[in-house]
Amino acid sequence: MIFDTHAHYDDEAFDEDREQLLASFKENGIDAVTNVAASLSSCKTTLELARNHDFMYAALGVHPSESAELSDEGLKDIETWCTERQDGKVRAIGEIGLDYWEEPDKGIQKKWFVAQLDLARRLKLPVIIHSRDAAKDTLDIMKAEHGSDIGGVIHCFSYTKEMAREYLDMGFFLGIGGVLTFKNARKLVETVEYAPLDRLVLETDCPYLSPVPNRGKRNSSLNLTYVADQLAALKGVDRETVEKMTWDNARKLYRL
Ligand code: NI
């Protein structure tokens, strides 16, 4: 029983076999998936996917690298999409954050990160945080904005153990995916050994970040067994325990 807490099934990488792939999940032990938007247009495709599949939930928001497209009007649209239907499918605001590898400039990224944190607070939804090469600014904003009152997950956690402690102290979960199986994952291995298992969730970020032995190929939730096995080995428990605990954690994260 696996919960993929972070996937992008509206990506064009799935255009050829999307429905076939999603239909195979149940028999392969993938019982829930949160599809995460990254732009205004993907908010709409994410909503549609969640409405058409019982096991799928939606996170709506704009990724830092797409944040130049945001405006007060765009923000208002996200709010409307989150609230117009009462079917309980929208479970988070995300993915939002800072990515200093990418455009646009820091000022624009920060402005819309803060604005979307504020939206999450008003809507009482958890956040999915994307942060790359921006450890200090992300933490400063999360503290200034009282992230502990909002809650959520730091997706694809890539910083140090010390930084993990800051977010665990704020009540956040850490998203663990394919990177855990990579040879150069020493920093993440340290974090996973340090963090309690009841604060970790499984995620693919598919189509990206496929775990070993499928590294470099298109990723999907079916590959999460490799991540779960690696996590089980590091924590000294069996895979069933990892699946059960990360399932419970994901339901807490998304308040299901
Ligand atoms: Ni993502």
Side-chain angles (χ1 to χ4, degrees), residues 4-23 25 32-120 122-123 125-132 134 152-153 155-156 175 177 203-210 218-221 254:
D4 184 350
T5 60
H6 191 122
H8 301 285
Y9 283 111
D10 52 328
D11 191 282
E12 62 185 12
F14 298 106
D15 280 355
E16 291 217 332
D17 60 347
R18 181 177 294 107
E19 290 308 318
Q20 212 181 334
L21 178 64
L22 296 177
F25 281 2
V33 174
T34 298
N35 204 76
V36 180
S39 63
L40 290 171
S41 69
S42 74
C43 285
K44 292 184 211 164
T45 47
T46 291
L47 269 182
E48 200 170 305
L49 274 175
R51 284 168 188 165
N52 291 338
H53 299 278
D54 283 351
F55 64 91
M56 278 188 119
Y57 301 98
L60 303 186
V62 173
H63 188 285
S65 67
E66 303 292 327
S67 57
E69 73 166 352
L70 264 176
S71 60
D72 291 339
E73 202 181 19
L75 203 65
K76 188 80 204 146
D77 284 342
I78 298 174
E79 180 167 359
T80 304
W81 297 327
C82 287
T83 54
E84 68 186 345
R85 284 171 65 114
Q86 300 296 321
D87 57 4
K89 283 291 194 166
V90 180
R91 305 310 305 180
I93 295 295
E95 55 189 289
I96 64 173
L98 301 174
D99 190 331
Y100 291 168
W101 267 22
E102 305 259 2
E103 305 266 314
D105 67 55
K106 295 179 179 181
I108 294 174
Q109 292 196 27
K110 285 183 192 171
K111 173 182 172 180
W112 294 112
F113 179 29
V114 171
Q116 292 182 92
L117 283 173
D118 188 53
L119 178 65
R122 282 191 286 119
L123 297 179
L125 287 170
V127 285
I128 299 170
I129 304 289
H130 169 105
S131 178
R132 183 163 55 166
V153 60
H155 133 74
C156 195
E203 62 170 42
T204 52
D205 202 22
C206 65
Y208 312 108
L209 296 174
S210 210
R218 184 185 75 172
N219 198 6
S220 87
S221 309
Y254 292 128

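For the single chain, residues carry numbers from 1 onward in sequence order.
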N/O donor-acceptor pairs under 3.5 Å from side chains in residues 50-59, not counting sequence neighbours:
| residue | atom | partner | partner atom | Å |
| --- | --- | --- | --- | --- |
| Asn52 | ND2 | Glu48 | O | 3.2 |
| His53 | NE2 | Glu19 | OE1 | 3.1 |
| His53 | NE2 | Glu19 | OE2 | 3.4 |

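- At a threshold of 4.5 Å between non-hydrogen side-chain atoms, the residues Ile78 and Leu119 count as touching.
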Counting only pairs under 3.5 Å, give me each side-chain donor-acceptor contact of residues 68-77, with atom names and distances, residues two or more places apart or in other chains.
| residue | atom | partner | partner atom | Å |
| --- | --- | --- | --- | --- |
| Glu69 | OE2 | Leu40 | N | 2.7 |
| Ser71 | OG | Glu73 | N | 3.4 |
| Ser71 | OG | Gly74 | N | 3.0 |

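- Ser42 pairs by the side-chain contact (heavy atoms from CB on, under 4.5 Å) definition with Asp10, Ala37, Ala38, Ser39, Thr45, not counting sequence neighbours.
- Side-chain contact between Leu22 and Leu49 is present, with at least one heavy-atom pair separated by less than 4.5 Å.
- With rounding to the nearest 0.5 angstrom, the OG1 atom of Thr34 is 9.5 Å from the NE2 atom of His6.
- The side chain to side chain donor-acceptor pair (under 3.5 Å) check on Thr204 picks up Asp4, with sequence neighbours excluded.
- Expressed to the nearest 0.5 Å, how far CG of Leu47 lies from CD of Glu84 amounts to 7.5 Å.
- Residue-environment remark: CD (Gln20) stays at or below the threshold of 12 foreign heavy atoms within 6.0 Å.
- Note that the NE2 atom of His8 and the CG atom of Asn219 stand 10.5 Å from one another [nearest 0.5 Å].
- With values rounded to the nearest 0.5 angstrom, Phe14 atom CZ is found 6.5 Å from Ser220 atom OG.
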- Could you give me the CA-CA distance, side-chain angles and deciding distance for Val62 and Trp112, then say whether side chain to side chain contact (heavy atoms under 4.5 Å, CB included) is met? CA-CA 8 Å; Val62 173; Trp112 294 112; over 6 Å; no

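- Between the NZ atom in Lys110 and the OG atom in Ser67 there is a gap of 12.5 Å [rounded to 0.5 Å].
- Salt-bridge annotation for Arg218 and Asp17: present, with a side-chain N of the basic residue lying under 4.0 Å from a carboxylate O of the acidic one.
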Atom pairs and distances, donor-acceptor, side-chain atoms in residues 96-109, under 3.5 Å, two or more places apart:
| residue | atom | partner | partner atom | Å |
| --- | --- | --- | --- | --- |
| Asp99 | OD1 | Trp101 | N | 3.0 |
| Asp99 | OD1 | Arg132 | NE | 3.2 |
| Asp99 | OD2 | His130 | NE2 | 2.8 |
| Asp99 | OD2 | Arg132 | NE | 3.1 |
| Asp99 | OD2 | Arg132 | NH2 | 3.0 |
| Tyr100 | OH | Asp137 | OD2 | 2.7 |
| Trp101 | NE1 | Asp133 | OD2 | 2.5 |
| Glu102 | OE2 | Arg132 | NH2 | 3.1 |
| Asp105 | OD1 | Gly107 | N | 3.1 |
| Asp105 | OD1 | Ile108 | N | 3.2 |
| Gln109 | OE1 | Asp99 | N | 2.7 |
| Gln109 | NE2 | Asp99 | O | 3.0 |
| Gln109 | NE2 | Glu102 | O | 3.1 |
| Gln109 | NE2 | Pro104 | O | 3.0 |

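- Ser221 and Tyr9 form a side-chain donor-acceptor contact under 3.5 Å, judged by distance and modelled atom types alone.
- Applying the salt bridge (charged side-chain N to carboxylate O under 4.0 Å, His left out) test to Arg122 and every residue at least two apart in sequence or in another chain returns Glu79, Asp118.
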- Task: Could you check Leu123 against Thr83 for side chain to side chain contact (heavy atoms under 4.5 Å, CB included), going step by step and ending with a plain yes or no?
- Result: CA-CA 8 Å; Leu123 297 179; Thr83 54; 3.7 Å; yes

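- Remark: Gln116 CD to Leu60 CG distance equals 10.0 Å, nearest 0.5 Å.
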